[in-house]
Amino acid sequence: MKPMNGAGIISDRDILIAVTINILGVYTLSLPRILAEETTAADGWVGILLGGGVACILAWVVAKLTLLYPNKSFFSIASDLVTKPIAVILTFLFTLQYIAITSFQVREVSALAHQYLFDQTPLEVISLSFLLVVVYGVCGSRAGIFRLNALFLPFVLVGLLVVVVVPLVFIKTENLLPVFQTDFKGYVQSTYSSLNTFAGFGIILFYIALVKNPKNTPKMAVKGVIFNTILYTILYIVCIGTFGNSTTANIFFPTFDLSRTVEIPGGFFERFDAFLFLAWTIILFVHSLMAFDIAVMTLMMVFKKVKKIMLVITLTPLIFFISMIPKDYVELTHIARYISLIKLTSLLLVVVLLWSAYKIKGGKQSE
Amino acid sequence: MRRSLFTRVYKKSTDQQYESATQQSESEFNIPIGLTLKENVEIIKKKLGDPSDLIVRDITVGKNKHKCSILYLSGLADQKLVNDNILKMVQTEISQSDTNSNQSGTGQSEPNANPSEASQSEPNANPSEASQSEPNANPSGTGQSEPNANPSEANKNNPKSSQSGGTQSDPNLLETIEQHVIAITDTKKGQTLYEVINAILSGNAVFLLDGVNTVLVMGTTGYETRSIEEPQSEAVVRGPRTGFIENIDKNITLIRRELKDPNLRFDVHEVGRRSKQKVVVCSIAGIVNPDILNEVNRRIKTIDIDAAPDSGFVEQWIEDSFLSPIPQILDTERPDHVTYSVLQGKVAILVDGSPFALIAPVMLGEPLQSIEDYSQRWAIGTLLRLLRFLSIFISLFLPAIYVALTSYHPGMLPTKLAFSIAATREGVPFPSIFEALLMAVTFEILQEAGIRLPKAIGSTIGIVGGIVIGDVAVSAGIVSPAMVIITSLTAIASFTTPNYSLATGLRVLRFGLLAAASILGLYGIILVFIMMCIHIVNLKSMGVPFSSPIAPYFLGNLKNLLIRSPIITLKKRPPYLEPRDINKINDGGKSK
């Protein structure tokens with residue numbers, strides 16, 4: 001058994017998979033709605049591409065930054081560059097952020113299940129059962145989480161493929177027109193929104209320390225972002241082409257509704273969405289699992305002597321209560337925006353702070 | 001982490017226990033063999049409780065009529081071997097040496113065997129020789145307490161031996177007998193009572209010579225064993241019909257017969273404090289990853305039990321997680337399966353008394369593979385593998401999905417199907433979860449009864465199960481016909497799993513899924529599925545991740561897991577085992 005935050009337990013291919021799934025987990029379900037609100041017709045793809053481009057650069061920078069100190073945890077890097085108190089504050093910032101993300105995911109799953117699977121079962125039961133499974137996952141080994149990613153990847157890819165490919169026949173070209181009618185502000189907003197989605201690559205800040213041979217990891221992280229950019233672009237165009245801009249803007253989970261248009265020939269199952277629900281649950285699950293794990297990991301960086309299981313037990317009720325705070329879907333959407341704002345700002349803050357500190361110190365300490 | 005902590009503490013304590021225990025039992029028996037024949041035989045008899053099947057044959061050897069005894073347990077040793085190759089040879093030796101001594105006076109055989117001492121020191125040097133020869137024997141034998149005890153013994157002995165006329169140097173006589181008389185290849189020497197008694201209990205014959213504190217142990221083990229038959233639990237249509245039997249030496253032979261590789265290695269262990277069973281770890285040096293081999297050997301050394309009636313005991317002792325319903329070590333009755341696995345870079349464990357060999361490490365998809373897949377052509381092999389994946393899905397999920405769909409999501413079924421199912425459930429008084437549990441439990445009972453019943457009345461179960469439970473239960477309106485279909489399909493699908501241990505493990509999970517489906521419908525099934533996946537990725541087999549090669553994934557190896565690609569494309573050994581030599585000899589026929 002390797003030490004808890006021991007280096008070298010994963011390969012850089014695992015980072016690629018983790019980044020891909022993690023970005024997918026954030027707002028894939030609701031992204032078309034957000035973009036459709038901000039842009040006209042199918043112009044949101046411009047925002048996705050721009051956002052993806054910025055995210056690529058950011059991911060590369062973050063990866064490079066962590067690689068200055070190979071196989072060292074975020075906390076030790078930060079306390080090396082900026083002083084220890086600031087490092088503690090930064091680490092706590094991420095802890096809070098990932099706790100919030102986990103809560104949000106838990107709530108989102110229950111919202112999804114509530115809307116599409118059963119409307120009578122209480123939200124609390126759905127959330128709690130989901131959260132307990134997440135806890136079970138976090139209690140396992142960290143390498144196990146990455147193995148889980150790899151194990152789930154086929155499900156996710158097949159699910160997404162079905163979602164993207166099958167509705168192609170329903171696309172109406174008039175939904176996609178006219179082109180480039182959005183004003184400048186719309187583009188900026190949509191870029192910002194899609195950048196929020198791509199901020200899921202933030203996990204590399206913490207997970208790169210575990211990579212066995214981290215030379216190619218920045219490339220892998222960027223590849224993950226690029227893959228998602230392409231996927232989102234296609235997904236958005238298919239979504240708008242199928243539903244039209246105004247319908248998309250009014251569906252809470254447009255991507256999921258897209259999968260409901262899928263009909264299986266042969267008529268054995270009336271609705272196929274139950275099986276796509278599996279793919280979506282898995283995506284959301286893996287995302288919240290990693291978020292929870294990072295929350296625990298960041299806490300363990302600061303409190304070195306506390307046992308993992310104790311932290312998990314303490315955090316679980318906290319996350320559950322936070323996830324129950326939003327009253328309805330509207331509040332959930334608002335909270336989602338705040339979370340992504342915090343997420344992006346903290347990421348930028350850390351990158352800028354650490355880079356400048358590194359430059360001021362002249363990079364001598366890393367040698 | 002919590003698991004590892006637990007097992008680590010657990011193993012450490014057992015290590016200590018084991019050490020102290022073995023020390024104890026060895027010190028109890030760790031008495032050196034004395035010089036007096038009669039006393040030695042008496043001690044052995046006493047230690048064994050004077051059993052009726054202990055054969056003690058007293059004879060004399062050599063021209064000096066030296067006293068000696070042959071001891072063995074009648075049922076365990078091959079009596080013909082003892083009679084023809086030991087007893088008869090020793091007896092003829094007497095007559096031969098008699099004639100020899102008549103012809104040449106002093107005896108020819110002795111000067112050959114005793115280069116310096118024999119002829120010269122015969123008459124006068126007895127006391128001095130005894131004192132000389134003993135220090136030689138001591139360091140190898142027992143320790144320091146002896147020199148104090150020995151002189152007195154030697155003093156006691158020497159008069160006796162001189163009385164009986166044994167004027168020869170005794171250790172050399174034993175040497176001569178071993179070299180020239182005994183017609184058995186497997187001989188060794190024992191110094192302590194512990195060794196001797198163990199040898200007797202293992203079926204060996206023991207040759208004791210008066211005035212010598214060394215004992216000749218001869219491998220005469222030979223008892224009735226079952227003949228080699230077709231394996232019961234893993235039947236194949238095409239492939240060898242040999243199966244392991246309960247005798248470990250025969251099983252080793254079965255493996256050796258298939259692999260004439262000089263690198264084939266068998267590491268021998270002894271397991272069971274009372275049963276003293278032989279456990280053999282089989283591997284091929286140069287292929288197997290030494291880390292895995294060492295880990296297996298280390299874990300087997302920690303085993304501390306009275307006896308292991310079956311290899312299952314060893315399996316449960318050395319497996320990584322005893323809480324898991326999934327077996328992390330494969331069991332097989334087929335020598336060809338063992339040779340195939342060993343060639344892959346795995347390790348096989350044979351336990352004396354069990355016809356089931358263990359194979360480790362084992363991965364997620366491997367219990368679903370039959371060795372026959374490789375005997376068949378690749379297309380059908382591939383199809384069968386996919387079919388097994390499908391049937392394992394059915395056997396796990398079908399009852400749960402039925403319950404979830406009928407009780408939570410009837411809208412997901414096509415309208416007509418939903419109506420027809422609803423119509424058949426019309427008169428059924430129970431909710432579908434109860435119905436499913438009823439049928440599932442009934443099936444488990446039937447299956448268990450079918451195994452325990454004598455074969456002659458086994459068919460009764462088929463009639464009772466098939467007609468009474470299936471037909472009558474439906475016409476009585478207790479269960480719906482759809483449920484009977486689901487149950488029987490599940491049952492049949494579960495029988496396609498080639499490995500019985502996995503099939504039984506999955507039976508447990510099926511009930512878990514049923515419970516989840518009855519509480520949370522499809523969502524519950526998905527959550528349990530995720531939990532199963534979490535469990536699997538955290539599971540290890542001998543330290544190798546159980547979910548390999550899917551996660552961490554090795555794309556090249558999937559062609560031997562999901563499908564069975566043509567033999568000529570299977571060029572590599574599984575990379576997750578990190579074998580010493582990753583390339584098989586098979587290079588697709590390119591090296592012509």
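Convention: sequence-line order gives letters A, B, ...; per-chain numbering from 1. This one's a predicted model, so the numbers in the text were calculated from it and none came from an experiment.
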Using non-hydrogen atoms and a 4.5 Å limit, figure out which bit of [X] sits close to chain B: side chain, backbone, both or neither.
{"X": "A:Ser129", "value": "both"}
{"X": "A:Ile126", "value": "both"}
{"X": "A:Phe130", "value": "both"}

Hey, does B:Ile534 have a side-chain heavy atom less than 4.5 Å from the side chain of A:Phe285?
-> yes

Tell me, with the steps shown, if A:Val125 and B:Leu520 meet side-chain contact (heavy atoms from CB on, under 4.5 Å).
-> CA-CA 9 Å; A:Val125 175; B:Leu520 283 172; 4.0 Å; yes

How about residues 522-529 of chain B versus chain A: which residues have heavy atoms under 4.5 Å apart?
->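 So the qualifying residues are B:Leu522, B:Tyr523, B:Ile526, B:Leu527, B:Phe529.
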
Knowing that exactly one of A:Leu278, A:Val286, A:Ile282 qualifies, which makes a side-chain contact (heavy atoms from CB on, under 4.5 Å) with B:Ile530?
->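 The option that passes is A:Ile282.
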
Between B:Asn538 and A:Arg147, what is the shortest heavy-atom contact and its length?
-> CA-NH2, 4.4 Å

Search all heavy atoms of B:Met531 against all heavy atoms of A:Tyr136 and return the closest pair with its distance.
->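 Closest approach of B:Met531 to A:Tyr136, heavy atoms only: O-CE2, 3.6 Å.
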
Find the distance between SG (B:Cys533) and CG (A:Leu151) and round it off to the nearest 0.5 Å.
-> 5.0 Å

